[in-house]
Amino acid sequence: MKKEQIFKIRETYRCNKKTGWELDNETGALVIYSINAIYYKGNYYSMKTGEKITFEPYVAKVRKSCGNGALQVPGTGVIVYRKNEQGQTEILLQLRKDFNIYGLPGGSIELGQTYEECAVMELFQETAYLANPNDMKLLKIYAGPKHITRYPSGDIVFHSVAVFKIDGSLCTKTECQYDTNETKEIIWASLPKIRRLLNEKLVFPNNVPILEDVVNEYFK
């Protein structure tokens with residue numbers, strides 16, 4: 001969004017509100033009073049300077065204060081599915097670098113993101129597949145004792161995971177490289193293969209209940 005648009009909106013909605021939001025019908029932008037910003041097409045802009053606002057990564061910021069202690073971290077998981085040439089359903093999985101086992105693409109939500117935006121960003125970073133947030137369909141929220149992880153760093157995370165699904169035909173495989181700090185490889189796994197990975201305990205524990213639902217419920 002151009003600065004002149006931002007300043008025009010600022011003049012239109014100048015008031016003494018300390019929180020809440022209003023929709024600018026002309027541009028479709030949201031005026032966010034609590035942080036004195038405008039939200040437009042996935043970005044936040046300062047109403048004071050007109051510059052894009054970049055938030056510090058949320059979990060890293062909190063870790064500076066609490067160290068490895070337990071954190072409740074909201075995030076997303078993405079089930080990308082397709083039919084192979086034999087008519088079998090396949091699910092896109094990543095081989096995680098941290099645990100050297102398989103899981104769904106996904107990650108923690110950052111300040112200012114919608115869950116759909118988080119899902120799209122994590123999918124792209126970890127698999128190089130690009131999707132539209134409007135195509136993400138919410139399946140279920142997962143949390144509780146089966147979703148607690150101690151990472152190799154010692155960080156303890158209590159996950160709250162919003163799981164989305166999307167048809168692979170709606171995604172674009174880009175020429176970009178996925179983030180090799182997080183992903184060793186990506187595979188398309190049939191439901192029988194996912195069952196074998198589950199039986200062999202080769203699935204990221206946080207994702208076990210999700211992938212159990214994938215093979216037993218979502219894609220019967």
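Remember, predicted model here, so these are calculated numbers, not experimental data.
Using a 4.5 Å cut-off on side-chain heavy atoms (C-beta onward), T183 and L95 make no contact. A 4.5 Å side-chain heavy-atom check between V31 and M47 finds at least one atom pair inside the cut-off. Residues L92 and L123 form a side-chain contact, since some pair of their non-hydrogen atoms from C-beta on lies under 4.5 Å apart. Taking the side chain as every heavy atom from C-beta outward, F164 and L139 never approach each other to under 4.5 Å. The closest side-chain heavy-atom distance from E116 to N134 is not below 4.5 Å. Looking at heavy atoms from C-beta onward, I187 lies in side-chain contact with K193 at the 4.5 angstrom threshold. Using a 4.5 Å heavy-atom cutoff, the side chains of M1 and I38 are in contact. Considering only heavy atoms from C-beta on, Q5 stays 4.5 Å or farther from D24 through its side chain.
Summarising the geometry, atom CZ belonging to R196 is positioned 11.0 Å from atom CG belonging to L198; distances are rounded to the nearest 0.5 Å. Note: C66 SG to D155 CG = 7.5 Å, rounded to the nearest 0.5 Å. Separating the CD atom in E110 from the OG atom in S108 is a distance of 5.0 Å, to the nearest 0.5 Å. In this structure, E182 CD and E126 CD are separated by 4.5 Å, a value rounded to the nearest 0.5 Å. Rounding to the nearest 0.5 Å places CE of M136 at 11.5 Å from CG of L138. Atom CD1 of I6 sits about 8.0 Å away from atom OG of S46, to the nearest 0.5 Å.
Residues E11 and R14 are paired through a salt bridge, judged by an N-O separation under 4.0 Å between the basic side chain and the carboxylate. We find that E51 and K3 are joined by a salt bridge, their nearest charged nitrogen and carboxylate oxygen being less than 4.0 Å apart.
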Q. Could you go step by step and tell me if K137 and D167 meet the side chain to side chain contact (heavy atoms under 4.5 Å, CB included) rule?
A. CA-CA 10 Å; K137 305 301 181 185; D167 190 322; over 6 Å; no

Q: Step by step, work out the side chain to side chain contact (heavy atoms under 4.5 Å, CB included) result for I156 and T149.
A: CA-CA 6 Å; I156 299 172; T149 303; over 6 Å; no

Q) Are I9 and T27 close enough, and set up right, to give a side chain to side chain contact (heavy atoms under 4.5 Å, CB included), and what steps lead you there? A) CA-CA 9 Å; I9 293 172; T27 63; 3.7 Å; yes

**Q.** Criterion side chain to side chain contact (heavy atoms under 4.5 Å, CB included) on Y44 and L30, from CA distance to verdict
**A.** CA-CA 9 Å; Y44 289 80; L30 287 176; over 6 Å; no

Enumerate donor-acceptor pairs with a distance under 3.5 Å from any side-chain N or O in residues 73-83 to protein atoms, sequence neighbours excluded.
residue, atom, partner, partner atom, Å
R82, NE, E90, OE1, 2.8
R82, NH2, E90, OE1, 3.0
K83, NZ, T89, OG1, 3.1

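In this structure, I35 is a member of the same hydrophobic cluster as Y58, with clusters built from ILVMFWY side-chain heavy atoms closer than 4.5 Å. A continuous path of Ile, Leu, Val, Met, Phe, Trp and Tyr side chains, each step under 4.5 Å between heavy atoms, connects V208 with I210, placing both in one hydrophobic cluster. In the hydrophobic clustering of ILVMFWY residues, with side-chain heavy atoms under 4.5 Å counting as a link, I32 and I109 come out apart. L211 and I166 fall into different hydrophobic clusters, where Ile, Leu, Val, Met, Phe, Trp and Tyr are joined by side-chain heavy atoms under 4.5 Å apart, directly or via other members. Neither W188 nor L93 shares a network with the other; the hydrophobic side chains, linked directly or stepwise wherever heavy atoms of I, L, V, M, F, W or Y lie under 4.5 Å apart, form separate groups for each.
Counting only distance, with no hydrogens or angles, the side chain of Y178 and the backbone of K184 share a donor-acceptor pair below 3.5 Å. Judged by distance alone, with hydrogens and angles left aside, the side-chain atoms of N84 form a donor-acceptor pair with the main-chain N or O of G87 at under 3.5 Å. A donor-acceptor pair under 3.5 Å is absent between the side-chain atoms of D213 and the main chain of E217, judged by distance alone. Distance alone, capped at 3.5 Å, places no donor-acceptor pair between the R96 side chain and the V203 backbone. In this structure, the side chain of T172 does not engage the main chain of T174 through any donor-acceptor pair within 3.5 Å.
The salt bridge (charged side-chain N to carboxylate O under 4.0 Å, His left out) search around E117 returns none, not counting sequence neighbours.
For the ring-ring contact (aromatic ring centres under 6.0 Å, His included) condition, the pairs that include at least one residue of residues 97-147, sequence neighbours left out, are F99-Y151, F99-F204, Y142-H147.
Nearest approach of A128 to C176, heavy atoms of both residues: CB-O, 3.3 Å. Taking both residues in full, the closest heavy atoms of Q94 and L104 are given as OE1-O, 3.5 Å, listed atom of the first, atom of the second, then distance. Across all their heavy atoms, I101 and P205 have their closest contact at CD1-CD, 3.9 Å. In this structure, R195 and V215 approach most closely via the heavy-atom pair NH2-O, 3.0 Å. Taking all atoms of both residues into account, the shortest heavy-atom contact from G103 to N207 is CA-OD1, 3.3 Å. The heavy-atom pair separating A70 from F158 by the smallest distance is CB-CE1, 3.5 Å.
At most 12 heavy atoms of other shown residues, nucleotides or ligands fall within 6.0 angstrom of atom CD in E26. The number of heavy-atom neighbours closer than 6.0 Å to NZ of K146, taken from other residues, nucleotides and ligands shown, is 12 or below.
Residues S160 and Q72 bring a donor and an acceptor atom of their side chains to less than 3.5 Å of each other. Between the side chains of N216 and E212, no donor N or O sits under 3.5 Å from an acceptor N or O. When only modelled atom types and interatomic distance are considered, E22 and Y33 share a side-chain donor-acceptor pair under 3.5 Å. Between the side chains of K48 and N36, no donor N or O sits under 3.5 Å from an acceptor N or O.
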